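The chains referred to below are lettered A, B, ... by the order of the sequence lines, with proteins before strands, and numbering in each begins at 1. Keep in mind that this is a model prediction, so the values were computed, not measured.
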Number of protein chains: 2
Amino acid sequence: MPEAVSRPTLEAVATRAGVSRATVSRVVNGGYGVRESLAERVRRAVAELGYVPNQAARSLVTKRHDAVAVVIAEPEARVFTDPFFALQLRGISKELTAHDNQLVLLLTEGRDDHTRVARYLAGGHVDGALVFSLHLDDPLPGLIHDAGVPTVFGGRPGWRDRTGTPLYVDTDNRGGARTAVRHLAGLGRTRIAHITGALDQTSAVDRLDGYRDVMAETADGGGDPSLVVESDFTPAGGERAMRELLDRRPDVDAVFAANDLTALGALRVLRERGLRVPEDVAVVGFDDMLPLAEQSDPPLTTVRQDIEQMGRLMARLLLRGATTVLRDGSAAAGAGPKGASGPGDADPAARTPGPGVILPTTLIRRASA
Amino acid sequence: MPEAVSRPTLEAVATRAGVSRATVSRVVNGGYGVRESLAERVRRAVAELGYVPNQAARSLVTKRHDAVAVVIAEPEARVFTDPFFALQLRGISKELTAHDNQLVLLLTEGRDDHTRVARYLAGGHVDGALVFSLHLDDPLPGLIHDAGVPTVFGGRPGWRDRTGTPLYVDTDNRGGARTAVRHLAGLGRTRIAHITGALDQTSAVDRLDGYRDVMAETADGGGDPSLVVESDFTPAGGERAMRELLDRRPDVDAVFAANDLTALGALRVLRERGLRVPEDVAVVGFDDMLPLAEQSDPPLTTVRQDIEQMGRLMARLLLRGATTVLRDGSAAAGAGPKGASGPGDADPAARTPGPGVILPTTLIRRASA
DNA sequence: TTGAAAGCGCTAACAC
DNA sequence: GTGTTAGCGCTTTCAA
């Protein structure tokens, strides 16, 4: 039976290098205030022994973990059929890695998981949390707030806690929607409909608001409510909504769908009814979900958001906030407004009204509008 | 400035309950050998104080972490446009959660990340690793092996290490491919082509082998090489391959594509050339990637694999192996064959030849074949 | 059954 | 500059 390969400790390195544990510790943690010749000896010993610091021991004394939890609360399948999630993670991972932090992934579905996650965060196992709260009625944010861990949200939360709106990073959903609808208007379309997303999510609400903004400024009949159909971000919901819309307003000549999946459903129904896209009805989506948006028939004109960048910024914000907080000696204070002063050097393109960082969108023109 | 909310310690609970730390520790860890009345007192104190054990302190003495690393090595964008990855994670997460383990996500791209990951694993921060190694020439598996951490691979590795083929969980790619091609043959098609995946991945190789199996047993001209076109799992690759195929063999009447993305590209070209699917050319994909496979035109007949289940099994295998190993007192031994005796109670549907667990596939019939 | 005490490997005062 | 020392919060012998 193989022996447990007990890893070398600081002690071992110290002995080998002929110095004290403290000196080794100093070298390992940056090496300030150590004579270069000694430092060199220590480094060699570290290399020879293949020493890797024991994170548990370190955390025990420093109270830092160099780990961040990513909480994805998604009872629905949607997140899992959507590369959105993966791209966010990629962005987060890159940023955390660059700062030597680990990513602890917490996926939840249902009540039990919520308390589990809350317990975990309250247990002080991580230095902060990145939370994707997709629904307005989600109890998780409250629980997380109570856990007293610095947190940054992905997507604008639909509520504000005792200390105001929490830190978040979001896409400029409203602005993106405006761009989409203006594009449609610029094409000469006058009866522009909107198929909404699930309105218990701020992204859906914001896109609807953006649509209304433009319709209101349009000369004739701004914001005819019969042109708005509520849906749920799914292809099936998109089909349903499109049918309803066509029955109600057969004269519709353009559709802004709350996301690409919805647009896809709409496209299907349009085809089925013998309507040509974009000749008869122009369609614009949202997300630029690849490869779907590219491969649809016709390829989808849509509003792109930089999802990976969103992830990066969330991590950056948290890390900065956490640092601030830790310097203050109050690890449980949460990343305060101090950390929210915007990305600054980080990303000049991002706007920062209040505690949120809003990322810009781009209209991607393909064949559908 | 808010005070650092120092979390209650064992000591605090002990004081409150009027017992020793040792007793609290016993209760918290199962409570064996503690008088029920005392245990009850302790539990109440725990609840009142909101005590959560400090994992770092615990790990320091137990050398266990109740944490598993998931390593996803994917330099290409493919993983991120594919829900595959998300579904695996979901399965893994569920299983780990059920066993009170945390999921540490390690995403890598490029050499630097490899050494980083290897260091991390070697540092003994986690009890095991789940690794997705998608390419035959990937150096990561070797590094990970050297790190001496129990590991289970996702997808059959294309190599064997010193101790034989490592533990893995895979889809029955070969069997699934056979089913697909037989289905095509059953439709009366006789000139069945195959567009392969990236052949540096075992999944692509296995699917090709499955195709060949059936072609070989077919009466006339089994395995005409002009019917096989190499590609790379992408839609663009699928288009290219389909064009080449059509130029070479205009008489082709069926295509088995290595995955749905590839099938999608093929579908496009077929449409573009005015060929009807499935009347002129029947098409079968692989993966049942949703919503793509459902939403394509026509909806895709394809081979479904249970991706989430794959993730679950990987975690289950690792956890079992790790437990075995830990019982043996040799944490660095790696999950040996002992852990590989198959899912047994776990999943009766899975086959287990050697150290691998192979999950079955299902043919999903839609309109394209 | 319960408690006392010895560390796990590390950092951070503090002294030299 | 460098070493000594006192814990961080927990589990785990070992006695009682």
Side-chain angles (χ1 to χ4, degrees), chain A residues 4-43 45-46 49-67 122-125 127 326-327 329 331, chain B residues 4-43 45-46 49-67 100 122-125 127 326 329 331:
Chain A
V5 190
S6 68
R7 318 201 169 282
T9 67
L10 251 202
E11 181 78 53
V13 178
T15 306
R16 175 140 194 153
V19 298
S20 73
R21 269 152 52 208
T23 298
V24 177
S25 177
R26 286 180 192 115
V27 173
V28 169
N29 293 292
Y32 299 112
V34 176
R35 208 188 327 139
E36 182 48 32
S37 62
L38 262 200
E40 186 47 41
R41 266 210 339 255
V42 171
R43 273 186 234 110
V46 165
L49 263 37
Y51 169 76
V52 180
N54 179 321
Q55 187 60 43
R58 178 180 276 173
S59 294
L60 189 54
V61 31
T62 59
K63 269 103 173 58
R64 302 189 69 256
H65 299 83
D66 296 320
H125 300 307
D127 301 328
L326 285 167
R327 279 211 196 96
Chain B
V5 190
S6 68
R7 321 203 166 281
T9 67
L10 249 202
E11 180 78 53
V13 177
T15 306
R16 174 140 197 152
V19 299
S20 73
R21 271 151 54 207
T23 299
V24 178
S25 176
R26 286 179 192 118
V27 173
V28 169
N29 294 292
Y32 298 111
V34 177
R35 210 188 325 139
E36 182 48 31
S37 63
L38 261 201
E40 186 47 41
R41 270 219 324 264
V42 170
R43 273 185 234 110
V46 165
L49 263 35
Y51 169 75
V52 180
N54 180 320
Q55 188 59 45
R58 179 179 276 172
S59 293
L60 189 54
V61 30
T62 61
K63 269 101 174 62
R64 304 189 69 256
H65 300 83
D66 296 320
D100 272 313
H125 301 307
D127 301 327
L326 285 165

Is there side-chain contact between Arg43(A) and Val27(A), with heavy atoms separated by less than 4.5 Å?
yes
Check whether any side-chain heavy atom of Leu38(A) sits under 4.5 Å from a side-chain heavy atom of Arg26(A), and report yes or no.
no
Could you report the tightest heavy-atom contact between Ala45(B) and Ala17(B), atom names first, then the distance?
CB-CB, 4.0 Å
Looking only at heavy atoms, what is the nearest atom pair of Val42(A) and Val13(A), with distance?
O-CG1, 4.2 Å
Would you say Thr23(B) reaches dG3(C)'s phosphate, i.e. side-chain N/O to OP1/OP2 under 4.0 Å?
yes
First-last contacting nucleotides on DNA chain D - partner chain A, under 4.0 angstrom, heavy atom
dG1(D) to dG9(D)
Applying side-chain contact (heavy atoms from CB on, under 4.5 Å), can you list everything that pairs with Leu10(B), at least two apart in sequence or on another chain?
Arg21(B), Val24(B), Ser25(B), Tyr51(B)
Sequence neighbours excluded, which residues qualify as side chain to side chain donor-acceptor pair (under 3.5 Å) partners of [X]?
X	result
His125(B)	none
Arg16(B)	Glu48(B)
Glu11(A)	none

Per-nucleotide protein contact string for nucleotides 7-16 of chain C (B base, S sugar-phosphate only, - none; heavy atom under 4.0 Å):
-BBBBBB---
